[in-house]
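In each ligand, atom 1 is the first atom listed, and ligand 1 is the first ligand listed.
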Amino acid sequence: MPCNCCEITDSAFTEEEAKAELRQYRRRGPMKQTKLMLEAIRSLRLKKANLIDIGGGIGAIHHELLGDVADEATHVDASSAYLKEAKQEAARRGHSEQVRFIHADFTDVASELPKADIVTLDRVVCCYPDFRRLLKAAAEHSQRALAFTYPREVWYLRIGLTVINFFQTLRRDPFRVFLHPVAEMDAFLKREGFTRVTLRRLFVWEMALYQRL
Ligand SMILES: C[S@@+](CC[C@H](N)C(=O)[O-])C[C@H]1O[C@@H](n2cnc3c(N)ncnc32)[C@H](O)[C@@H]1O
């Protein structure tokens, strides 16, 4: 089930939200689940890697990893507001030459992009209706590692996300959040040739790191 992702996420992730997230990142650094992902990726001890960050938002993952792990990154995002802030921050850090920014639904442009050592999706599968389509495109582009975060499959999030989607329906806003089945995502990635090497949990988010076998 493809979605008209750019249109939907452009209205869901506004310029004000993107600016607020960048301000918070500058003040406090990456969010907790992003820190777990960075820590897991760093544990692989890769150097001069290339990275594809899908739905990278304000770009925290490449801002951080370009310092030690990666020497180039591609940031594909369906939100133009987030991309604008990510670009500004990359320029401030002197990373403009190392990051390619693409405004698109990753599944639409994946076939035109080269593979990378690391592919990341931080809080992205939960914005996308068809996790198989998104994870397939992500897995096909990862030569070594794939890390992603997603909401945990627990009763309080089942209720929470149902409430959010209910209000989205009332507002006639087509953006929905999805609680995808973790066991099915794991089985899917295993069939794509990956093995899970790290799994960390917070109250809301779970972070999984996979390596290509
Ligand atoms: C909740 S935000 C997370 C941003 C960032 N990764 C973070 O954790 O702060 C979700 C992001 O994923 C993007 N997104 C969702 N589906 C996408 C897709 N199929 N292709 C590219 N970007 C996508 C949205 O535009 C948005 O920037």
Taking atom 14 (N) of ligand 1 as the point of reference, which of Leu83, Ile61, Val124, Thr34 owns the nearest heavy atom?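 The nearest heavy atom belongs to Val124.
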Out of Val125, Asp53, Asp77, who gets a non-hydrogen atom closest to atom 25 (O) of ligand 1?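 Residue with the shortest heavy-atom distance to the ligand atom: Asp77.
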Looking at [X], which atoms of ligand 1 are within less than 4.0 Å of one of its heavy atoms?
X: Phe106; value: 18 (C), 19 (N), 20 (N), 21 (C)
X: Asp105; value: 18 (C), 19 (N), 20 (N)
X: Val76; value: 21 (C), 22 (N)
X: Gly57; value: 4 (C), 5 (C)
X: Tyr82; value: 27 (O)
X: Gly56; value: 5 (C), 6 (N)
X: Ala78; value: 21 (C), 22 (N), 23 (C), 25 (O)
X: Asp122; value: 3 (C), 5 (C), 6 (N), 7 (C), 8 (O)

Considering only heavy atoms, does [X] approach ligand 1 within less than 4.0 Å through its side chain, its backbone, both, or neither?
X: Tyr128; answer: side chain
X: Cys127; answer: side chain
X: Glu21; answer: side chain
X: Ala104; answer: backbone

Carboxylate-amine/guanidinium contact Glu89 Arg26, below 4.0 Å: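 Looking at Glu89 and Arg26, the cut-off is met.
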Do Asn50 side-chain atoms and Asp71 backbone N/O form a donor-acceptor pair below 3.5 Å?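 Between the backbone of Asp71 and the side chain of Asn50 there is no qualifying donor-acceptor contact (under 3.5 Å).
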Check the angle between the aromatic planes of [X] and [Y] and answer parallel, tilted or perpendicular using the 30° and 60° thresholds.
X: Phe131; Y: Phe188; value: perpendicular
X: Tyr150; Y: Phe148; value: tilted
X: Tyr82; Y: Phe13; value: tilted

For this output row, return yes or no: ring centroids of [X] and [Y] closer than 6.0 angstrom.
X: His141; Y: Phe106; value: yes
X: Tyr156; Y: Phe203; value: yes
X: His62; Y: His95; value: no

Assess the residue pair Tyr25 and His63 against the criterion (ring pair (Phe, Tyr, Trp, His ring centres under 6.0 Å)); give the C-alpha distance rounded to whole Å, side-chain angles, the decisive distance to 0.1 Å, and a yes or no. CA-CA 10 Å; Tyr25 170 65; His63 300 322; 5.7 Å; yes
Does the N or O separation between Ser79 and ligand 1 drop below 3.5 Å for any pair?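 It does: an N or O of Ser79 is found under 3.5 Å from an N or O of ligand 1.
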Any N or O on Phe13 sitting closer than 3.5 Å to an N or O of ligand 1?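 No, there is no polar N/O contact under 3.5 Å.
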Reported CD1-to-CD1 distance for the pair Ile61 and Ile52, which is rounded to 0.5 angstrom: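 It comes to 13.0 Å.
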